[in-house]
Number of protein chains: 2
Amino acid sequence: MERELLLLGLLRQQDTHGYQLHEFINRYLSTCTDMKKPTAYAVLDKMAARGWITIDHEGREGNRPRRRVYTITDAGEAEFQRLLRANLSQHHPVYFTNDIGIAFLDALPHTEALPLLQERRAAIDERLTYLRTLQPPHESPALILDHYLWHLQSELKWLDTLLERLND
Amino acid sequence: MERELLLLGLLRQQDTHGYQLHEFINRYLSTCTDMKKPTAYAVLDKMAARGWITIDHEGREGNRPRRRVYTITDAGEAEFQRLLRANLSQHHPVYFTNDIGIAFLDALPHTEALPLLQERRAAIDERLTYLRTLQPPHESPALILDHYLWHLQSELKWLDTLLERLND
DNA sequence: TCGTGACTAGTCAATACTGACTATAAGGAT
DNA sequence: ATCCTTATAGTCAGTATTGACTAGTCACGA
């Protein structure tokens, strides 16, 4: 359902084709989803079948390969409004895959766990440093980035309290 | 890969069957994964095929229906050690599905967005209050819970800064 | 001008995942 | 006794997802 919201929201701003949609998501919205290219096409096909979007089979412009340009319909806009309100009003938990390792921390002596977690800490720190250099394009992607930076800083702090606890 | 780590880690502590594994994950590790029951069975089958675990077809004890009890092998233990180190040392990003709505915030006037986001805030708050009442069973699940409480508090704070910004 | 790597655009076979189901048992309430 | 609900244990058909691929274009150096 969130994939539909995302694609409808982007198509609403501008008619475009699958490849470009995926590119944009990958570049500016990678903190929200890791949707792969074939998944994007599958969702677009499904939405077309439901009448939320239409497909313009664009004859190759210039001499690029053929491509399909998608346009949102009135039904699609209505669906977007519905999905947006649902997304904004509800809480979607995130899943901390990385905590599965934490759950089995006692399988390792502290002397082994510490350097591994310090490696993790460095990876988070590096990501944070990189994201801070980014300049997001529009209004709302800036919010997304801000939120992710906030989150990563919080993660770093928690990890530091854990590292301290492991140091006894 | 994280699903394998999770199931191996639990089987390592105690031989048990698929249903119980899923129950435990659902109760104490639901912040790490939302793995469904059929997925757990599929992963277990795959690991058995790879020789990481073995299956004891236990004749119905008492008169409960037949069930399969899984036992971790030496190869499984080795794999667990490998997966655990990989998980601890790397950073696995989380995906903020909930930010997809935030990305399209400007599709709504502030007067509409505000009450929706306040509803979301209430949902987070309620979840937080509930989790604070929980008493986790063992050592490590307590860490997991602690981390999730830390995260939810951070989320609440960010959402509050956003709400303030929307209030102009 | 030919080769090489990078970018654009989309596809497909295979795998992963899950909603909805079966079937048995136990614990009440009537 | 019979009915209803909840818990145990697992299955399966159908949908969702993705790694690896095709195929054309562009640009740049040798």
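What you see is a predicted model, and the numbers here were worked out from it, not measured in a lab. Reminder, nothing fancy here: chain letters follow the sequence lines and each chain counts from 1. Atom set for the values below is all heavy atoms of this structure, side chains included, hydrogens, waters and symmetry mates excluded.
- Taking the ring centroids of Tyr95(B) and Tyr95(A), they lie at or beyond the 6.0 Å cut-off.
- Between the CE atom of Met1(B) and the P atom of dC17(C) there is a distance of 13 Å, rounded to whole Å.
- When distances run from any side-chain atom of Ala42(A) to the nucleotides dC7(C), dT17(D), dC17(C), the shortest one goes to dT17(D).
- Within 6.0 Å of CD in Glu126(A) there are 12 or fewer heavy atoms belonging to other residues, nucleotides or ligands.
- Rounded to whole angstrom, the span from the CZ atom of Phe24(A) across to the P atom of dC7(C) amounts to 19 Å.
- Taking side-chain N and O atoms only, Arg3(B) has a distance below 4.0 Å to OP1 or OP2 of dC17(C).
- Across the protein-nucleic acid pair, Arg68(A) atom CZ and dT8(C) atom P stand 18 Å apart, rounded to whole Å.
- One interatomic measurement links the two molecules: CD of Glu2(B) to P of dC17(C), which rounds to 12 Å at whole-angstrom precision.
- Listed by residue number, the members of residues 32-40 of chain A with any heavy atom below 4.0 angstrom from DNA chain C are Lys37(A), Pro38(A).
- Closest non-hydrogen pair, Ile102(A) versus Leu143(B), comes out as CG2-CD1, 3.8 Å.
- Between the CG atom of Asp45(A) and the C1' atom of dT17(D) there is a distance of 14 Å, rounded to whole Å.
- Straight-line distance from the CD atom of Glu23(B) to the C1' atom of dG10(D): 13 Å, rounded to whole Å.
- Residue Tyr19(B) places no side-chain N or O under 4.0 Å from the OP1 or OP2 atom of dG10(D).
- Applying the ring pair (Phe, Tyr, Trp, His ring centres under 6.0 Å) criterion to His151(A), with sequence neighbours excluded, gives Tyr148(A), Phe96(B), His151(B).
- Side-chain proximity of His17(B) to dA9(D), dT8(D), dA9(C): nearest is dA9(D).
- Remark: Arg27(A) CZ is loosely packed, at most 12 non-hydrogen atoms of other residues, nucleotides or ligands lying under 6.0 Å away.
- With rounding to whole Å, Lys46(A) atom NZ is found 9 Å from dT15(D) atom C1'.
- Using cut-offs of 30° and 60° for the angle between ring planes, the Tyr19(A) and His17(A) rings count as parallel.
- To the nearest angstrom, C1' of dG10(D) lies 12 Å from CG of Leu44(B).
- Ion pair Asp45(B)/Arg68(B) flagged as a salt bridge, since at least one NZ, NE, NH1 or NH2 atom sits closer than 4.0 Å to an Asp/Glu carboxylate oxygen.
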